[in-house]
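Fair warning: this is a prediction, and the values are worked out from it, not measured in the lab.
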Amino acid sequence: MASFKDLNKLFNGLSLIANEFVKRSSPATTTDFETLIKTALLSATNLSGLTKGKVRQFSKPPPSPNAAHPHASASNSVVFFTDNPSPESDPQLPTPTPTTITDNDDIAHFSSEANHQEASDGYAGAVAVEKPEFPSSTETVNEGVSGEVAPVPPLRKRRPRERRVPATPFSRALGFAGLGAGLAWGTLQESAKRLAFGTPNSHGNQSALSPFLSEKNAERLALALCRMRGAALKIGQMLSIQDESLVPPPILAALEIVRQGADVMPKSQLNQVLNSELGPDWSSKLISFDYEPIAAASIGQVHQAVMKDGMKVAMKIQYPGVADSIESDIENVKLLLNYTNLIPKGLYLDRAIKVAKEELSRECDYELEAANQKRFRDLLANTDGFYVPIVVDDISSKRVLTTELVHGIPIDKVALLDQETRNYIGKKLLELTLMELFVFQFMQTDPNWGNFLFDEATKTINLIDFGAARDYPKGFVDDYLRMVLACANGDSDGVIEMSRRLGFLTGMESEVMLDAHVQAGFIVGLPFSRAGGFDFRSTNITQSISHLGATMLKHRLTPPPDEAYSLHRKLSGAFLACIKIGAVVPCRDLLLEVYKHHKFGEVNEILSSGSVSA
Ligand SMILES: Nc1ncnc2c1ncn2[C@@H]1O[C@H](COP(=O)(O)OP(=O)(O)OP(=O)(O)O)[C@@H](O)[C@H]1O
């Protein structure tokens with residue numbers, strides 16, 4: 001039976017390819033045709049297991065010939081610009097007088113964490129592109145007592161590959177089709193292996209149950225997402241912020257690859273985007289630009305540059321084609337998910353996908369992100385402990401965003417800091433979340449841990465990435481605050497009433513569903529239920545919710561309101577961050593503080609047990 005199903009999956013995978021051929025054949029251009037041939041070859045070799053994408057191992061680069069130069073020594077990919085650009089220069093390198101440019105095909109350096117000062121921020125969700133480890137004369141390295149430089153053992157981790165972004169809808173669709181076929185083939189291989197050698201012990205491990213979830217398939221999926229970038233990768237990264245105990249190990253490993261960052265654009269493609277977005281004289285505002293990215297995110301990559309006034313900036317440059325392919329990328333992901341039969345009923349995938357599409361198209365608009373960032377900068381100007389970097393309008397456009405470069409440790413990496421500092425960070429994160437929703441009614445909804453960079457020296461959390469930010473209507477915020485309080489106070493009538501008003505329940509639900517819903521609410525409300533510090537080190541909130549989740553999926557009558565998708569992602573992201581860093585946070589005190597100052601709108605109903613006492 002199982003093998004028949006798997007054959008069916010293989011057939012479906014191949015039909016994905018056939019579909020794309022039929023759908024796309026008429027408007028195909030010559031370039032599309034070339035891509036088609038390349039992709040077909042890649043898929044064919046992938047099917048036969050030749051290029052299914054092992055993470056490449058890179059070798060250490062030779063020492064920079066410019067090591068004496070104070071800037072170039074930090075990275076041999078930095079280009080310095082003179083005031084008098086040469087008119088005969090290569091059109092791909094605007095206003096050039098490049099000092100040095102890395103010309104290797106692969107960005108290929110290993111570096112040690114200890115040496116990793118400037119770009120230590122580069123760990124974040126999207127990130128992990130480290131600088132080469134040649135300290136400049138001005139940099140500090142580990143110095144022994146004798147003053148000699150102590151060798152630091154290199155830290156090996158996945159290095160990004162340099163790959164062109166498939167920029168036309170046709171080439172992207174083919175990428176997905178190739179992936180579909182690769183996964184189908186992987187599933188078949190795994191099934192055959194199981195027929196021959198038996199199914200591995202399950203012990204509740206999903207990967208053992210489904211031949212689709214084999215290690216090879218998970219890796220295949222991750223590497224394909226890193227190559228495709230765009231909407232599909234973004235969804236993968238969203239999924240990567242999960243409770244680790246709930247996700248099967250092969251998928252967890254694959255998501256970690258995805259979380260570490262995408263492949264990077266080659267220089268020629270990067271220059272094309274910069275020229276078309278900022279004009280050919282974009283470099284006239286800069287002293288230098290580093291062609292080696294500090295981050296390769298889902299929809300763009302980030303480069304360091306120095307402005308004429310000396311300010312160090314981060315330039316986020318969008319991959320070509322991703323904004324126009326959101327719709328088709330998501331449809332392709334949906335096809336893949338459907339054919340794997342992995343999506344449980346009750347997820348209301350269509351509604352979630354509609355919301356994801358809207359969010360992603362907003363995120364591709366960097367002018368909107370710049371406006372969001374300026375708004376947050378104003379809103380947080382007088383709040384201690386947070387900093388929002390300056391937006392540089394002069395060197396920004398719809399697809400390029402330049403902001404002041406900030407530093408810090410991404411919050412998932414603060415686990416080694418002392419307990420007091422971790423408690424402080426946890427408290428600040430929760431305080432910010434509550435403030436955004438209930439005070440500003442404007443929230444940055446991407447809980448990616450790399451978006452919060454903790455600067456130990458100033459005890460400040462530097463906030464970046466405002467692409468996903470949205471307003472919440474006053475009525476929604478009022479009722480949501482009442483609901484959180486009802487959850488915290490163990491008030492089931494209040495939870496049900498507010499849930500109906502907010503649209504989580506229709507009023508027609510069965511007792512089983514109502515009970516599961518209320519229990520889930522109480523679990524989420526647990527950190528807010530008692531005064532004093534809530535210890536996130538000993539909580540199993542996410543596991544408890546997942547048990548109830550199964551019941552809710554079975555009995556749910558309506559999808560959650562649109563506002564809830566991003567909001568719940570953010571709230572669970574904040575909780576997961578506190579769990580990850582093992583913080584003890586006075587959650588109830590923070591909530592009551594917000595409640596005390598909240599001005600409810602006209603319908604200020606009092607909950608059955610909603611009287612609040614500190
Ligand atoms: N102003 C900045 N200062 C320092 N680093 C920055 C800055 N802006 C971006 N970065 C680095 O680039 C990474 C990606 O930037 P950002 O999160 O804005 O991009 P994104 O496309 O929205 O990424 P994601 O796919 O993670 O949402 C960040 O995690 C951070 O490491």
Side-chain angles (χ1 to χ4, degrees), residues 70-72 74-75 77-83 85 93-99 101 116-124 126-127 129-131 136 138-139 264-265 267 270-271 273-297 299-319 365-377 386-408 410 450-453 455 458 460-467:
H71 300 285
S75 163
S77 51
V78 178
V79 176
F80 290 88
F81 304 106
T82 65
D83 284 336
L93 290 173
T95 329
T97 307
T99 308
I101 301 172
H116 189 205
Q117 297 173 337
E118 287 256 303
S120 60
D121 3 297
Y123 272 115
V127 212
V129 183
E130 291 142 287
K131 301 264 120 199
S136 72
T138 53
E139 272 178 304
V264 302
M265 273 188 275
K267 213 164 47 197
L270 183 73
N271 280 320
V273 181
L274 284 167
N275 286 342
S276 70
E277 282 300 308
L278 303 174
D281 69 336
W282 57 269
S283 56
S284 62
K285 293 162 187 132
L286 301 175
I287 292 177
S288 66
F289 179 86
D290 191 343
Y291 271 90
E292 188 182 346
I294 52 170
I299 53 180
Q301 63 190 46
V302 180
H303 292 255
Q304 279 190 57
V306 181
M307 299 214 321
K308 280 274 153 75
D309 64 3
M311 179 159 91
K312 282 188 175 179
V313 289
M315 290 177 68
K316 182 156 76 170
I317 299 151
Q318 197 169 111
Y319 304 123
D365 181 351
Y366 288 173
E367 278 163 359
L368 185 65
E369 177 166 355
N372 290 339
Q373 182 155 342
K374 287 181 207 165
R375 200 167 150 194
F376 266 104
R377 198 173 144 79
F386 299 106
Y387 182 75
V388 179
I390 300 165
V391 174
V392 183
D393 285 321
D394 267 19
I395 321 179
S396 296
S397 72
K398 205 169 168 102
R399 308 270 178 252
V400 175
L401 177 63
T402 303
T403 56
E404 176 190 2
L405 189 80
V406 287
H407 301 282
N451 294 337
F452 306 87
L453 303 171
D455 183 340
T458 57
T460 299
I461 302 180
N462 291 317
L463 303 172
I464 54 172
D465 191 2
F466 296 91

Does [X] reach the main-chain N or O of [Y] with its side chain, forming a donor-acceptor pair under 3.5 Å?
X: Gln373; Y: Val388; answer: no
X: Tyr319; Y: Ala297; answer: yes
X: Ser396; Y: Thr402; answer: yes

Working for side-chain contact (heavy atoms from CB on, under 4.5 Å), residues Thr403 and Ile464: CA-CA 9 Å; Thr403 56; Ile464 54 172; 5.9 Å; no
Could you pull out the closest heavy-atom pair between [X] and [Y], with the gap in Å?
X: Tyr366; Y: Leu401; answer: CD1-N, 3.6 Å
X: Pro293; Y: Gln301; answer: CG-NE2, 4.1 Å
X: Asp309; Y: Met311; answer: OD1-N, 2.9 Å
X: Leu405; Y: Ala314; answer: CD1-CB, 3.8 Å
X: Ile299; Y: Gln318; answer: O-CG, 3.1 Å
X: Ala305; Y: Met315; answer: CB-SD, 3.9 Å

Counting C-beta onward and ignoring hydrogens, is there a side-chain heavy-atom pair between [X] and [Y] closer than 4.5 Å?
X: Val392; Y: Lys285; value: no
X: Val391; Y: Arg377; value: no
X: Pro410; Y: Leu453; value: yes

Contacts of type side-chain hydrogen bond (donor to acceptor under 3.5 Å, both in side chains), residue Glu369, not counting sequence neighbours: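 Listed in chain order: Lys316.
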Under the side-chain hydrogen bond (donor to acceptor under 3.5 Å, both in side chains) test, residues paired with Ser397 that sit two or more places apart: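 For Ser397, the residues satisfying side-chain hydrogen bond (donor to acceptor under 3.5 Å, both in side chains) (neighbours in sequence not counted) are Glu277.
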Worked verdict on Phe452 versus Leu463 for side-chain contact (heavy atoms from CB on, under 4.5 Å): CA-CA 5 Å; Phe452 306 87; Leu463 303 172; 3.5 Å; yes
To the nearest 0.5 angstrom, please state how far the [atom1] atom of [X] sits from the [atom2] atom of [Y].
X: Lys308; Y: Leu286; atom1: NZ; atom2: CG; value: 7.5 Å
X: Ile294; Y: Gln304; atom1: CD1; atom2: CD; value: 5.0 Å
X: Tyr387; Y: Asn462; atom1: OH; atom2: CG; value: 8.0 Å

Salt bridge (charged side-chain N to carboxylate O under 4.0 Å, His left out) pairs, two or more places apart, involving residues 394-406: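 Applying salt bridge (charged side-chain N to carboxylate O under 4.0 Å, His left out) to every pair that reaches into residues 394-406, excluding sequence neighbours, yields Asp365-Lys398.
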Plane angle bin for His303 and Phe289 - parallel if under 30°, tilted between 30 and 60°, otherwise perpendicular: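 Answer is parallel, since the angle falls under 30°.
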Phe80 and Val306: CA distance, side-chain angles, deciding distance, side-chain contact (heavy atoms from CB on, under 4.5 Å) verdict: CA-CA 9 Å; Phe80 290 88; Val306 181; over 6 Å; no
Side chain to side chain contact (heavy atoms under 4.5 Å, CB included) involving Thr458 - partner list, sequence neighbours excluded: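 Expected list: Asp455, Thr460.
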Qualifying residues under ring pair (Phe, Tyr, Trp, His ring centres under 6.0 Å), relative to Phe376, sequence neighbours excluded: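 So Phe376 forms a ring pair (Phe, Tyr, Trp, His ring centres under 6.0 Å) with Phe442, Phe466.
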